[in-house]
2 protein chains.
Amino acid sequence: MVSKRLQKGRKLPTLSDVARRAEVSTATVSRYLKSDDSIKPALRERVSRAIAELDYVPHGAARALASRRSHTIGAIIPALDNHIFAVAAQSMQHHLDPAGYTLLLTNTDYDPERELNQLRSMIQRGLDGVLLIGQQHTASVYELLAQQRIPYLNAWVFDPRSDHPTLGFDNAEGARRVTRYLLDLGHRHIAMIAGQQHGNDRAAQRVQGVREALAERDLSLPAKLFREVPYTIAAARRAYFDLHQTAPEVTAVICGNDILAMGVLFECQRLGVEVPRDLSITGYDDIDIVGDMTPALTTVHVPARTIGRRAAESLLQQVNGEPIAQPIRLDADLVVRDSCGPPRKTA
Amino acid sequence: MVSKRLQKGRKLPTLSDVARRAEVSTATVSRYLKSDDSIKPALRERVSRAIAELDYVPHGAARALASRRSHTIGAIIPALDNHIFAVAAQSMQHHLDPAGYTLLLTNTDYDPERELNQLRSMIQRGLDGVLLIGQQHTASVYELLAQQRIPYLNAWVFDPRSDHPTLGFDNAEGARRVTRYLLDLGHRHIAMIAGQQHGNDRAAQRVQGVREALAERDLSLPAKLFREVPYTIAAARRAYFDLHQTAPEVTAVICGNDILAMGVLFECQRLGVEVPRDLSITGYDDIDIVGDMTPALTTVHVPARTIGRRAAESLLQQVNGEPIAQPIRLDADLVVRDSCGPPRKTA
DNA sequence: CTGAAAGCGCTAACAG
DNA sequence: CTGTTAGCGCTTTCAG
């Protein structure tokens, strides 16, 4: 019967091995590791050599236990397979790395239960700060964060009146911009294919923005012209196919994000609907690919890289004692490309 | 002057607080946490209540220090913003979660130095196992892994003769398949736009596979018909534009991955080159989107989800004492869709 | 500027 | 089945 336990073999060198070899105290080695300035060059040199000779690697858990700091920052993301979030995470890591912080990344699949579990698990592993997406989290999430006194940021949204620190843009405003643009082009029969609003405040705000802009011109978004689907190409294709059958008067469709817009565009290609001549389409996010497609997609630019960078900066500040983060407002501009035009003449 | 140190305020409850409140020993609480079966229901109940009352959260660093297990598995990925890798990582997490393991994800941007640093940083934080992509890593990576006795897997490749455990598919074989397919369609003027081979064995093997299949029919890939570019749409567009000018005889282009294939396709749309009538295009990876485009892309299916799952399973096994992992072979099948046809008649 | 020593919170023999 | 106890490797006062 083979042992079920991990065989670690000969033990790894520890800090006190280094101290012994360098003939200094463990405190000195510890100071060296922290790059404490107050060590005489002579000792510093001895420690440095001992570390190299032993191939010593500090033990993070022991350090975290003793110092009560994990040097880890988390990011709990709804969908890492959505390019826009991957980019933000990547950017965050770029800015955390040089500060000696590790990014702990997880993916919730838009599941609040999972989000809570992942936060728990991160806290257990040691967390100095965490990035969340959106404002809508289960009460337990906020309680845990408060109880453990962990700095956090709600990204992808901007809300100065919130009790929680936000870092992002006004999702409704972007939606208003894109809607007004279509309205100005002359569209009156506008449909929307949105992401699922339940548990997703960004999706809800985008819908809200569209409704508001429509209302400004005394228009509305009847149920007949509204579809709510998961963020997949396949779902968007089905939704548009259905819309195409049941509401042929539609001349423009606003999508909750670029994935959905791509789905609509692909379905148009299959159906022989020419974009933008027969139908105008808009996206939201401005992921890399959509600017290259034919037609290039008109969309709302979400500053994902900037969010990642600012998140890293802000969390690092908070971890170092700066008390409460101010909400950070970024802009989400309309990017006009080739997927929209004036409405076709009614037959 | 504000304190630079984090104010942790009142202390958090510890395991011994729980033990005191439940009137049991710390060992019992520890067993409860491990869900050790051998606890009487009565005690189990008391512990459970005490934990709830105190909102107790175990301290991972302390646990890791004492048990010498971090319950963390790493994945060091070259490009998380490439959908195929995001999918694999997601799948890995799905399978690690229920086992109580956390996935520590990082992104190297194809930089070997960064890979090494990230591995170091993970080891410091505590790592029970790690997934690497490809076989080509700096010597220090392998040394560190050996010294620290950390189980690892080289994924995305399959090589039974390697000294390192591999988990993946034969990149060259996929490339051969796609090349033969084009050859059988009648193409003789075949170009390739590949990813950068330096430091990327998968990219190199794909190029190799194409060359081999060409050689089987006494053909070759002259420098004139070969381009090596970063994995971006923009770079692929430029490369194809150039090819289109300098080698108009080309009737098919094989791309190193789907991103590149999309770039070529987009450039064709701009240039008025009709696919597949005027040009056949193939990709590699089979990311979600390419099956929906018009024309749908013929490509090689990379089983990213399966890699993620098998990686989780295998690493978990190794962590639990199963000694050396066998190489795991997966298949990378050709997926025929609409982006290829017979070569156009020579003008 | 450097060292001694007391923990950090939890686990794992070993007893009983 | 449960408790006692000695650490795990590092940081951090507190002296000197």
Side-chain angles (χ1 to χ4, degrees), chain A residues 3-6 8 10-47 50-51 54-71 123-127 148, chain B residues 3-6 8 10-47 50-51 54-71 100 123-128 148:
Chain A
S3 161
K4 273 291 178 193
R5 191 149 311 291
L6 196 59
K8 274 283 179 182
R10 215 176 67 249
K11 292 179 50 191
L12 294 170
T14 71
L15 181 144
S16 65
D17 294 329
V18 174
R20 196 170 316 120
R21 180 159 196 133
E23 303 184 281
V24 298
S25 72
T26 58
T28 299
V29 179
S30 176
R31 289 191 186 104
Y32 173 89
L33 260 20
K34 266 207 317 221
S35 35
D36 190 322
D37 299 327
S38 60
I39 308 182
K40 274 210 186 125
L43 288 196
R44 176 183 300 285
E45 172 55 27
R46 296 214 316 262
V47 174
I51 288 178
L54 294 171
D55 278 327
Y56 168 72
V57 179
H59 192 297
R63 172 184 290 209
L65 177 58
S67 69
R68 316 176 109 297
R69 286 273 213 110
S70 65
H71 288 264
I123 287 176
Q124 292 193 19
R125 260 102 199 154
L127 241 212
Q148 303 276 330
Chain B
S3 162
K4 273 291 176 194
R5 190 149 309 292
L6 198 57
K8 276 282 180 184
R10 216 176 67 247
K11 292 179 50 192
L12 295 170
T14 71
L15 181 143
S16 65
D17 293 328
V18 174
R20 197 170 316 121
R21 180 158 195 134
E23 302 184 282
V24 299
S25 72
T26 58
T28 299
V29 179
S30 176
R31 289 191 185 103
Y32 173 89
L33 259 20
K34 266 206 317 221
S35 34
D36 189 322
D37 298 328
S38 61
I39 308 182
K40 274 210 184 124
L43 289 197
R44 175 184 301 286
E45 172 56 26
R46 296 215 314 262
V47 173
I51 287 179
L54 293 171
D55 278 326
Y56 168 71
V57 179
H59 191 297
R63 169 185 290 207
L65 177 59
S67 68
R68 315 178 108 298
R69 288 276 213 106
S70 65
H71 288 265
I123 287 176
Q124 292 194 17
R125 258 106 199 149
L127 240 212
D128 292 348
Q148 302 277 328

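Within every chain, numbering begins at 1; the chains are lettered A, B, ... in the order of the sequence lines, protein sequences first and strands thereafter.
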task = With sequence neighbours excluded, tell me which residues meet side chain to side chain contact (heavy atoms under 4.5 Å, CB included) with Arg21(A).
result = Ala50(A), Glu53(A), Leu54(A)
message = Set out, in order, the CA-CA distance, both residues' side-chain angles and the distance that settles side-chain contact (heavy atoms from CB on, under 4.5 Å) for Thr14(A) and His59(A), then state yes or no.
response = CA-CA 8 Å; Thr14(A) 71; His59(A) 192 297; over 6 Å; no
inquiry  = Any side-chain N or O of Ser25(B) below 4.0 angstrom from OP1/OP2 of dG3(D)?
reply    = yes
key: Nearest-Å distance for atom pair CZ/C1', residues Arg20(B) and dG9(C)   = 13 Å
ask   = Taking CD from Glu45(B) and C1' from dT2(D), how many angstroms apart are they, rounded to a whole number?
value = 18 Å
ask   = Roughly, in whole Å, what's the span from CG in Asp36(B) to P in dA13(C)?
value = 13 Å
message = Which nucleotide wins on minimum distance to the side chain of His59(B), given the candidates dT11(C), dG9(C), dC1(D)?
response = dG9(C)
ask   = Atom CG of Leu12(B) to atom C1' of dC10(C): distance rounded to whole Å?
value = 15 Å
Mind listing the side-chain donor-acceptor pairs of residues 25-35 of chain A below 3.5 Å, one per line with the distance, residues two or more places apart or on another chain?
unit_1   : atom_1 : unit_2   : atom_2 : d
Ser25(A) : OG     : Ala27(A) : N      : 3.3
Ser25(A) : OG     : Thr28(A) : N      : 3.3
Ser25(A) : OG     : Thr28(A) : OG1    : 3.3

task = Might you work through the side-chain contact (heavy atoms from CB on, under 4.5 Å) test for Asp17(B) and Arg20(B), ending with a clear yes or no?
result = CA-CA 5 Å; Asp17(B) 293 328; Arg20(B) 197 170 316 121; 3.3 Å; yes
query = Rounded to the nearest Å, what distance is computed from the CG atom of residue Leu54(A) to the P atom of nucleotide dG9(D)?
reply = 14 Å
query = Looking only at heavy atoms, what is the nearest atom pair of Ser70(B) and Ala64(B), with distance?
reply = CA-CB, 4.2 Å
inquiry  = How many whole angstroms separate atom CG of Leu65(B) from atom C1' of dC10(D)?
reply    = 8 Å
Closest-nucleotide ordering on DNA chain D, the 5'-leading residue of Tyr56(A) and Val24(B) = Val24(B)
query = Taking atom C1' of dG9(D) as reference, at what distance in whole Å does atom CZ of Arg69(B) sit?
reply = 19 Å
request  = Identify the two heavy atoms, one from Asp55(B) and one from Pro13(B), that lie closest to each other, and give their separation to 0.1 Å.
outcome  = O-CG, 4.3 Å
ask   = Which of residues 26-33 of chain A sit near DNA chain C, with a heavy atom under 4.0 Å from it?
value = Thr26(A), Ala27(A), Thr28(A), Arg31(A)
ask   = Hey, is the side chain of Arg68(A) poking within less than 4.0 Å of OP1 or OP2 on dC8(C), counting only N and O atoms?
value = no
request  = Ignoring backbone atoms, test whether Lys34(A) places a side-chain nitrogen or oxygen under 4.0 Å from the OP1 or OP2 oxygen of dC10(D).
outcome  = no
